[in-house]
Asker: 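Before we start, here is the structure in question, set down as structure tokens.
Values reported hereafter were calculated over all heavy atoms of this structure, with side chains retained and with hydrogens, waters and symmetry mates removed. Worth saying up front: this structure is predicted, and the values here are computed from it rather than measured.
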Amino acid sequence: DVQLQACGGGLVQAGGSLRLSCVASGFTFDDYAIGWFRQAPGKEREGIACISGSISTALYADSVNGRFTISSDNAKNTVYLQMNSLKPEDTAVYYCAISRTASRGSELLKLWMLSALSDYWGQGTQVTVSS
């Protein structure tokens, strides 16, 4: 079975950092794009960062570009989201997800990030940034 196990959320002060991890299993890692999405109270789910190793491409939402970095360790089937310079507006539940279609090209990767349509979702991890 496909499993996406996320961890690393917590409480941090504004300006601080957190690193989220998503350990994936049950599928061929290189056949899928993997990404991070978040949902704040009262808001739509938002694509934050997505990566596809097959096309060596990573994309970021404008809201986090320059502050967050997505990376993967294929040997460990793990994707990371390094979050620096955190702001209170980053407070949300963060989700790990995968998409096979999005792995095929940069435009599909972008569409996935914007649409938040995924093949599988992991559990959410709460990130709270205090001011």
Side-chain angles (χ1 to χ4, degrees):
D1 293 344
V2 173
Q3 291 188 341
L4 301 169
Q5 187 173 6
C7 63
L11 175 65
V12 65
Q13 292 184 341
S17 299
L18 286 173
R19 189 177 78 159
L20 306 183
S21 300
C22 178
V23 180
S25 63
F27 63 97
T28 302
F29 192 86
D30 290 341
D31 290 342
Y32 288 79
I34 189 164
W36 291 95
F37 299 77
R38 69 185 182 187
Q39 188 165 23
K43 296 185 178 180
E44 297 291 325
R45 188 168 295 184
E46 175 189 17
I48 299 301
C50 303
I51 189 169
S52 175
S54 64
I55 59 174
S56 301
T57 300
L59 295 176
Y60 299 92
D62 290 342
S63 58
V64 305
N65 192 32
R67 299 188 296 119
F68 292 9
T69 302
I70 189 170
S71 62
S72 63
D73 185 339
N74 290 3
K76 298 170 64 176
N77 279 9
T78 302
V79 65
Y80 305 94
L81 184 67
Q82 179 66 46
M83 305 185 295
N84 298 326
S85 301
L86 284 163
K87 305 174 181 179
E89 64 198 75
D90 294 319
T91 297
V93 178
Y94 284 70
Y95 300 89
C96 181
I98 61 171
S99 171
R100 187 162 188 155
T101 300
S103 70
R104 305 303 185 189
S106 59
E107 288 299 313
L108 292 172
L109 193 68
K110 183 177 181 179
L111 287 171
W112 178 45
M113 186 175 67
L114 294 174
S115 70
L117 296 176
S118 303
D119 293 326
Y120 297 95
W121 292 95
Q123 83 286 359
T125 184
Q126 177 70 48
V127 172
T128 302
V129 183
S130 62
S131 59

Asker: As an exercise, state the distance from CG of Leu59 to CG of Leu109, rounded to the nearest 0.5 Å.
Answerer: 4.5 Å
Asker: For the atom pair OG (Ser118) and CZ (Arg45), what is the distance rounded to the nearest 0.5 Å?
Answerer: 8.0 Å
Asker: Return the minimal non-hydrogen interatomic distance between Ala61 and Glu46, and the atom names on each side.
Answerer: CB-OE2, 4.3 Å
Asker: Is it true that Met83 and Val23 fall in one hydrophobic cluster, defined by side-chain heavy atoms closer than 4.5 Å?
Answerer: no
Asker: Same cluster or not: are Phe68 and Met113 linked, directly or through other Ile, Leu, Val, Met, Phe, Trp or Tyr residues, by side-chain heavy atoms under 4.5 angstrom apart?
Answerer: no
Asker: Partners of Ser103 by side-chain hydrogen bond (donor to acceptor under 3.5 Å, both in side chains), sequence neighbours excluded?
Answerer: none
Asker: Partners of Gln123 by side-chain hydrogen bond (donor to acceptor under 3.5 Å, both in side chains), sequence neighbours excluded?
Answerer: none
Asker: Working note: Arg100 + Asp31, criterion side-chain contact (heavy atoms from CB on, under 4.5 Å); need CA distance, chi angles, decisive distance, verdict.
Answerer: CA-CA 6 Å; Arg100 187 162 188 155; Asp31 290 342; 4.0 Å; yes
Asker: Show me the donor-acceptor pairs within less than 3.5 Å that the side chains of residues 3-14 make with the rest of the protein, sequence neighbours left out.
Answerer:
none

Asker: Could you walk me through whether Ile51 and Ile34 pass the side-chain contact (heavy atoms from CB on, under 4.5 Å) check?
Answerer: CA-CA 6 Å; Ile51 189 169; Ile34 189 164; 3.6 Å; yes
Asker: Tell me which pairs pass salt bridge (charged side-chain N to carboxylate O under 4.0 Å, His left out) where either residue lies in residues 107-131, with sequence neighbours left out.
Answerer: none
Asker: Quick one: side-chain contact (heavy atoms from CB on, under 4.5 Å) partners of Thr101, sequence neighbours excluded?
Answerer: Ser99, Leu108
Asker: May I have all residue pairs that pass disulfide bond (SG atoms under 2.5 Å apart) and include part of residues 98-131, sequence neighbours excluded?
Answerer: none
Asker: Donor-acceptor pair, distance only, cut-off 3.5 Å: does the side chain of Thr91 make one with the backbone of Val129?
Answerer: yes
Asker: Is there a path of hydrophobic side-chain contacts, each under 4.5 Å between heavy atoms, that joins Leu81 and Leu86?
Answerer: yes
Asker: Could you give all pairs that pass the disulfide bond (SG atoms under 2.5 Å apart) test and reach residues 37-131, with sequence neighbours left out?
Answerer: Cys22-Cys96
Asker: How would you list, by chain and number, every residue that makes a salt bridge (Lys or Arg N to Asp or Glu O under 4.0 Å) with Arg67, sequence neighbours excluded?
Answerer: Asp90
Asker: Residues two or more places apart in sequence or in another chain: which of them pass side-chain contact (heavy atoms from CB on, under 4.5 Å) with Asn84?
Answerer: Ser17, Gln82
Asker: Suppose the criterion is ring-ring contact (aromatic ring centres under 6.0 Å, His included): which pairs have a residue in residues 29-67, not counting sequence neighbours?
Answerer: Phe27-Tyr32, Phe37-Trp112, Phe37-Trp121
Asker: Can you run down the disulfide bond (SG atoms under 2.5 Å apart) pairs that involve residues 53-82, sequence neighbours left out, and say none if there aren't any?
Answerer: none
Asker: What pairs of residues pass the ring-ring contact (aromatic ring centres under 6.0 Å, His included) test when at least one of them lies in residues 77-105, not counting sequence neighbours?
Answerer: none
